[in-house]
There are 2 protein chains.
Amino acid sequence: MKMSKAEQKQQTMQKLIEVAREMFSKQGYADAAMEDIVKQAGVTRGALYHHFGSKEGLFQAVLASVQKEIGDRVEAEAAKSEDPWQQLILGCLAFVSSAVEHHNKRILLIDGPSVIGWETWRRMDEENSMRHLREQLLTMQEQGYLRPVSIDALTHLLSGAMNEAVLWISETPDHEKSLKEISTAITLLLEGFRAK
Amino acid sequence: MKMSKAEQKQQTMQKLIEVAREMFSKQGYADAAMEDIVKQAGVTRGALYHHFGSKEGLFQAVLASVQKEIGDRVEAEAAKSEDPWQQLILGCLAFVSSAVEHHNKRILLIDGPSVIGWETWRRMDEENSMRHLREQLLTMQEQGYLRPVSIDALTHLLSGAMNEAVLWISETPDHEKSLKEISTAITLLLEGFRAK
DNA sequence: TTAACATACATACAGAATGTATGTAAAGTG
DNA sequence: CACTTTACATACATTCTGTATGTATGTTAA
């Protein structure tokens, strides 16, 4: 079983990301020691620093993988309808529910902005998981579904609202109930922007 | 000029909080070294650990002071109207604009949840700066101003939206312009919850 | 008023964690 | 087949938090 350098690299990085993702989400970034990560991944500090350069670099890789997973689910869910308004609502709810299910909220929403800085975090968020939201809103405004309003402002308001919703739901004892409450509230919230 | 223990304590703590607030907001929590903080405050590590117990303890004290400042401004602003609906809008805008002005967003919104944990951060936020939002919404619902909706859910949605708005505005080149856009958007957003 | 005590620090040190410099074996390349 | 690059391992330097201990000064009660 000979391995090419490329395969080896891919495999080592993947393993490190997996292990790090687990530890970052359970202990938080600050309390996860590189020493433990490499030990559990079966390599040494050398491998980690060779591929990721720093602890922050590793975190960024982990964050990207989490964002991508959620982004894919949102996209798939939104595509289930033809009506733009319905697509928007479906996408929002898909984001909230899939982010809640995923036990990586800490990486995605809590440590993310703090560790890599808000600007970088925002850029990554937009590229991976929030891209469609902005596009969807832009399209809807062009087609006259929305009242006149700054799309950038609206995008951030919605994004912030949903992120906080995810964290809140995760803290409540009855996820299903609070998810329903959030769904209702988001639907009403969006109603405010519907062109009359 | 003899100083009582109580005075001395008060003075040292205040000075440490001031210095720490400066460094936390400029360099971020992780990159602010206790050594530098105590040096700049003119005391030693002993004093810091005596009063605050840990770096996290110091941060929590700093966060509380920032939250209190903003909370006071929000309260004052909201009290300028008699109409509940107007009060709500005034309070929201006061929060956003005063948090934007304040150059401690990093402490308040970015490092806060990460350093002391989201649950603790939320509790502090509710006690200091977001308390009135929830109360205001509750009152308004009782008086029939709002559609039937979970107040908890709504509170978190609004809070999250505004926090994100603050960060976004801070990043834009023209604060005044983006603040206006956010104001419009928030007003529309709230409109969705108005009882018909 | 003075002995006993508590408080507010200072100092030195221990422990842990990140990052870096250097070495090495294997794969890739001309 | 020489030689270069890559993917690591290992040892070490640095830095930072937290703790243990010492001390001077203010406070309190007999």
Side-chain angles (χ1 to χ4, degrees), chain A residues 1-63 107 111 114-117 120, chain B residues 1-63 107 111 114-117 120:
Chain A
M1 59 170 237
K2 191 172 50 182
M3 226 192 296
S4 76
K5 287 265 175 184
E7 281 174 335
Q8 192 177 346
K9 174 179 183 161
Q10 159 74 14
Q11 193 170 313
T12 303
M13 290 180 75
Q14 179 113 6
K15 181 70 180 171
L16 278 170
I17 289 181
E18 260 173 46
V19 172
R21 181 167 170 172
E22 179 87 7
M23 301 198 68
F24 284 155
S25 75
K26 289 205 171 145
Q27 318 185 289
Y29 178 79
D31 290 345
M34 317 269 293
E35 200 57 50
D36 296 345
I37 294 176
V38 296
K39 199 168 288 175
Q40 201 163 12
V43 292
T44 63
R45 310 174 55 68
L48 204 162
Y49 276 91
H50 176 68
H51 291 300
F52 299 101
S54 68
K55 188 181 183 183
E56 203 178 306
L58 174 62
F59 180 84
Q60 200 159 329
V62 170
L63 175 61
I107 294 171
D111 285 340
S114 177
V115 171
I116 65 173
T120 307
Chain B
M1 56 169 236
K2 192 171 46 180
M3 227 191 297
S4 77
K5 289 264 175 184
E7 281 173 333
Q8 192 177 348
K9 174 179 183 158
Q10 160 74 16
Q11 194 169 313
T12 303
M13 290 181 76
Q14 178 113 6
K15 181 70 181 173
L16 277 170
I17 289 181
E18 261 174 47
V19 172
R21 180 168 171 172
E22 179 88 6
M23 302 197 66
F24 285 156
S25 75
K26 289 206 170 145
Q27 314 180 261
Y29 178 80
D31 290 346
M34 316 271 287
E35 199 58 49
D36 297 345
I37 295 176
V38 295
K39 199 167 287 173
Q40 202 163 11
V43 293
T44 63
R45 310 174 56 67
L48 204 160
Y49 277 90
H50 175 70
H51 290 300
F52 300 100
S54 67
K55 188 180 183 183
E56 203 178 307
L58 174 62
F59 180 84
Q60 201 160 330
V62 170
L63 176 60
I107 294 170
D111 284 341
S114 176
V115 172
I116 65 173
T120 307

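All values below come from the heavy atoms of this structure, side chains included, with hydrogens, waters and symmetry mates left out. First the proteins, then the strands, lettered A, B, ... as listed; each starts at 1. None of these values were measured; they are calculated from a predicted model.
Distances from the side chain of Thr44(B) to the nucleotides dC9(C), dG19(C), dC8(D) place dC9(C) closest.
Judged by closest nucleotide on DNA chain C, Ala47(B) is the one of Met34(A) and Ala47(B) placed further toward the 5' end. Toward the 5' end of DNA chain C, the nearer of the two residues Asp36(A) and Gly46(A), judged by each one's closest nucleotide, is Asp36(A).
Protein atom CD of Glu7(A) is 14 Å distant from nucleotide atom C1' of dA7(D), rounded to whole Å. One interatomic measurement links the two molecules: NZ of Lys9(B) to P of dT7(C), which rounds to 8 Å at whole-angstrom precision. Computed from coordinates, the Lys39(A) NZ to dA9(D) C1' distance equals 14 Å when rounded to whole Å. The interatomic distance linking Arg45(A) (CZ) with dA13(D) (P) rounds to 15 Å, in whole Å. The separation between Tyr49(B) atom OH and dT21(D) atom C1' is 16 Å, rounded to whole Å. We find that CD of Glu35(B) is positioned 12 Å from P of dA12(C), with the value rounded to whole Å. Computed from coordinates, the Met13(B) CE to dT7(C) P distance equals 14 Å when rounded to whole Å. If you take CE of Met23(A) and C1' of dA17(C), they are 13 Å apart, rounded to a whole angstrom.
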>> Assess the residue pair Thr12(A) and His50(A) against the criterion (side-chain contact (heavy atoms from CB on, under 4.5 Å)); give the C-alpha distance rounded to whole Å, side-chain angles, the decisive distance to 0.1 Å, and a yes or no.
In response: CA-CA 11 Å; Thr12(A) 303; His50(A) 176 68; over 6 Å; no

>> Using side-chain contact (heavy atoms from CB on, under 4.5 Å), reason through Leu63(B) and Val115(B) one step at a time and then give a plain yes or no.
In response: CA-CA 11 Å; Leu63(B) 176 60; Val115(B) 172; over 6 Å; no

>> Using the rule given for side-chain hydrogen bond (donor to acceptor under 3.5 Å, both in side chains), can you reason through Gln14(A) versus Gln10(A), listing the C-alpha separation, both sets of side-chain angles and the distance that settles it, and then say yes or no?
In response: CA-CA 6 Å; Gln14(A) 179 113 6; Gln10(A) 159 74 14; 3.2 Å; yes

>> Please evaluate residues Val43(A) and Leu48(A) with respect to the criterion side-chain contact (heavy atoms from CB on, under 4.5 Å), reporting the C-alpha separation (whole Å), side-chain torsions for both, the decisive distance (0.1 Å), and the verdict.
In response: CA-CA 8 Å; Val43(A) 292; Leu48(A) 204 162; 5.8 Å; no

>> For Val38(A) and Thr44(A): C-alpha separation, side-chain torsions, deciding distance, then whether side-chain contact (heavy atoms from CB on, under 4.5 Å) applies.
In response: CA-CA 5 Å; Val38(A) 296; Thr44(A) 63; 5.6 Å; no

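By the 4.5 Å heavy-atom criterion applied to side chains, Phe52(A) and Met13(A) are counted as neighbours.
In the region residues 51-63 of chain B, proximity to DNA chain C at under 4.0 angstrom, judged on heavy atoms, holds for His51(B).
Note on Ala32(A): only backbone sugar-phosphate atoms sit closer than 4.0 angstrom, heavy atoms only; bases stay farther off.
Within the 4.0 Å cut-off from OP1 or OP2 of dC9(C), not a single side-chain nitrogen or oxygen of His50(B) is found. Residue Thr12(B) has no polar side-chain atom (N or O) positioned under 4.0 Å from OP1 or OP2 of dA8(C). Close to dC8(D), at under 4.0 Å from its OP1 or OP2, lies a side-chain N or O of Gln8(A).
In this pair, Phe24(B) and Tyr29(B) present their aromatic rings tilted. The plane angle is within the 30 to 60° band.
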